[in-house]
Every structure is written in C-alpha cells, then in structure tokens.
Visitor: 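Just passing along the structure, written as structure tokens.
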There are 2 protein chains.
Amino acid sequence: MKNTIKIHRVTHDMTQEDLANRLDVSRQTINAIENNKYFPSLELGLKLARIFKCSVEDLFSLEV
Amino acid sequence: MKNTIKIHRVTHDMTQEDLANRLDVSRQTINAIENNKYFPSLELGLKLARIFKCSVEDLFSLEV
DNA sequence: ACATAATGTAAAATATATTATACATAAAGT
DNA sequence: ACTTTATGTATAATATATTTTACATTATGT
C-alpha cells in the first residue's frame with residue numbers, strides 16, 4: 001500500500017504538525033504514515049480525504 | 001461512523017462467510033463491522049470497495 | 001417438528017495503529 | 001555561523017482491530 005499524503009500536504013502548504021493538529025493526532029502519526037511505517041485507520045483516511053477534498057482512493061492504493 | 005456493508009453484501013448475494021473468505025478475514029470481523037462494533041482497517045475498507053465496485057466513501061461515512 | 005444454514009455474541013489472545021517522550025538531522029532565515 | 005523550524009527516527013506504553021473458539025439465536029427448507 002502506498003499513499004500520496006505528503007504530496008497533498010505540501011500542496012496545501014501544511015507542515016506535518018499543522019496536519020496533525022487538524023486531525024487531532026500526533027505529528028509522529030503523520031510522519032509514520034508518510035514514510036509508510038504503517039497504514040492509518042479508516043477513520044483517519046476518511047478525515048484526510050475530507051481535508052484534501054479528494055477521495056480515499058486518491059490518497060491510498062492497495063497496490064505496492 | 002456508519003457503513004453500508006450489509007446492504008452491499010446482500011445485494012451481491014453473499015453470506016458473511018462468503019465475504020470473509022473473499023477478504024481473507026474471519027466471519028466475526030465482517031459481523032462486527034456490520035454491527036458497528038469497531039471500524040475496519042483502511043486496507044479492509046479499500047478491499048471492500050474493490051469487491052463491491054464502489055468508493056470507500058460509498059461504504060463508510062464519518063457522520064453518525 | 002426437525003435439520004441446516006446464517007447470524008449474533010462473548011471472552012481471551014494476538015497484531016497493529018497511535019501516543020508520548022526524546023533526540024538527531026536537515027532546511028530556512030537572519 | 002547561529003537560531004529556529006521542519007522532519008526523521010527510536011523505544012516503550014496504550015488503544016484498537018482482528019482472530020480463535022465456542023455457543024446461542026434466528027431464518028430457511030423439507
């Protein structure tokens with residue numbers, strides 16, 4: 001599974017901390033997701049899509 | 001968070017066990033998700049959307 | 001009524017996501 | 001060069017998803 005969080009975040013001119021605050025999660029969580037340490041929860045995925053005004057599938061894909 | 005898994009599953013004429021097998025998870029996992037015991041992982045959410053040929057947002061929504 | 005299939009549910013165990021804290025490095029501004 | 005901001009990383013602790021096993025209940029078919 002890969003994701004495009006970092007691209008969207010930078011496009012939206014946000015730091016990892018900015019994004020973490022908007023989502024009410026820790027900065028480490030954002031960092032870990034961007035660096036593929038683990039996959040976020042479905043709830044976080046939906047919230048991220050909402051913030052970036054795109055679909056969950058735009059952010060995450062199953063294919064490696 | 002609510003979901004429409006059961007509706008899609010029944011529409012596709014599958015039992016909880018059928019779906020569990022296709023996803024390679026236990027039947028209890030499907031049952032728990034349908035009955036809102038917990039939210040599935042993002043990976044499961046993406047796989048469910050793929051099976052039902054719809055978007056993750058069609059299956060799960062953040063609103064209560 | 002009986003048998004079978006499908007579903008609901010529960011408790012303990014395991015896997016994984018997330019937090020907290022902390023420190024190291026890189027980038028940017030002055 | 002110095003300071004500040006942003007990012008990468010590590011470890012231990014906590015929260016949550018998932019499995020396993022098992023049994024109860026509901027629906028369906030005969």
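In what follows, every heavy atom counts, from backbone to side chain, and hydrogens, waters and symmetry copies are set aside. Here is the naming used below: chain letters follow the sequence lines, and residue numbers restart at 1 for every chain.
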Visitor: Would a 4.5 Å heavy-atom cut-off, applied to side chains only, mark B:Ile5 and B:Leu19 as touching?
Guide: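 Yes, their side chains come closer than 4.5 Å.
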
Visitor: Under the 3.5 angstrom rule, does the side chain of B:Asp18 hit a backbone N or O of B:Thr15 as a donor-acceptor pair?
Guide: yes

Visitor: A side-chain contact here means heavy atoms from C-beta on lying under 4.5 Å apart; do A:Ile30 and A:Leu23 qualify?
Guide: yes

Visitor: Hey, which of these two, B:Lys37 or B:Ser41, hits DNA chain C nearer its 5' end, going by closest nucleotide?
Guide: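 Final value for this comparison: B:Lys37.
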
Visitor: Under 4.5 Å between any side-chain heavy atoms of A:Pro40 and A:Thr29, yes or no?
Guide: no

Visitor: Of all heavy-atom pairs between B:Gln28 and B:Tyr38, which one has the smallest distance, and what is that distance?
Guide: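 Reported closest heavy-atom pair: O-OH, 4.4 Å.
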
Visitor: Which atom names give the shortest non-hydrogen contact between B:Asp58 and B:Thr4, and what distance separates them?
Guide: O-OG1, 3.0 Å

Visitor: In whole angstroms, how far is the C1' atom of D:dA17 from the CG atom of B:Leu42?
Guide: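 Those two atoms, CG and C1', are 13 Å apart.
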
Visitor: Taking all atoms of both residues into account, what is the closest heavy-atom pair of B:Lys47 and A:Leu62, and its distance?
Guide: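 In this case the closest contact between B:Lys47 and A:Leu62 is CG-CD1, 3.8 Å.
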
Visitor: Quick one, which residues of residues 14-27 of chain A touch DNA chain D with a heavy atom under 4.0 Å?
Guide: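 A:Thr15, A:Gln16, A:Arg27, in order of number.
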
Visitor: For A:Asn35 and D:dG8, is the shortest distance between a side-chain N/O and OP1 or OP2 below 4.0 Å?
Guide: yes

Visitor: Looking only at side-chain N and O atoms, does A:Arg9 come under 4.0 Å of OP1 or OP2 in D:dA6?
Guide: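 A:Arg9 to D:dA6 OP1/OP2: no side-chain N or O under 4.0 Å.
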
Visitor: What are the 5'-most and 3'-most nucleotides of DNA chain C lying under 4.0 Å from any heavy atom of chain B?
Guide: C:dA6 to C:dA10

Visitor: Grab the CD1-P distance between B:Ile30 and D:dT20 for me, whole Å please.
Guide: 14 Å

Visitor: Can you tell me how far C1' of D:dA6 sits from CG of A:Asp13, to the nearest Å?
Guide: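 Atom CG in A:Asp13 sits about 13 Å away from atom C1' in D:dA6.
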
Visitor: What is the separation between atom CG on B:Asn31 and atom C1' on D:dA27, rounded to the nearest whole Å?
Guide: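 Distance check: B:Asn31 CG to D:dA27 C1' gives 15 Å.
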
Visitor: Can you spot which of B:Arg22, B:Arg9, B:His8 makes a side chain to side chain contact (heavy atoms under 4.5 Å, CB included) with B:Ile51?
Guide: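 The option that passes is B:Arg22.
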
Visitor: Mind calculating the distance between CD (B:Gln28) and P (D:dC23) to the nearest angstrom?
Guide: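 Taking atom P of D:dC23 as the reference, CD of B:Gln28 is at 14 Å.
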
Visitor: For B:Val56 and B:Ala49, which heavy atoms make the closest approach, and how far apart are they?
Guide: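 For B:Val56 and B:Ala49, the tightest heavy-atom pair comes out as N-CB, 3.8 Å.
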
Visitor: Return the value, rounded to whole Å, for the distance between atom CG of B:Asn36 and atom P of D:dA17.
Guide: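 About 11 Å, once rounded to whole Å.
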
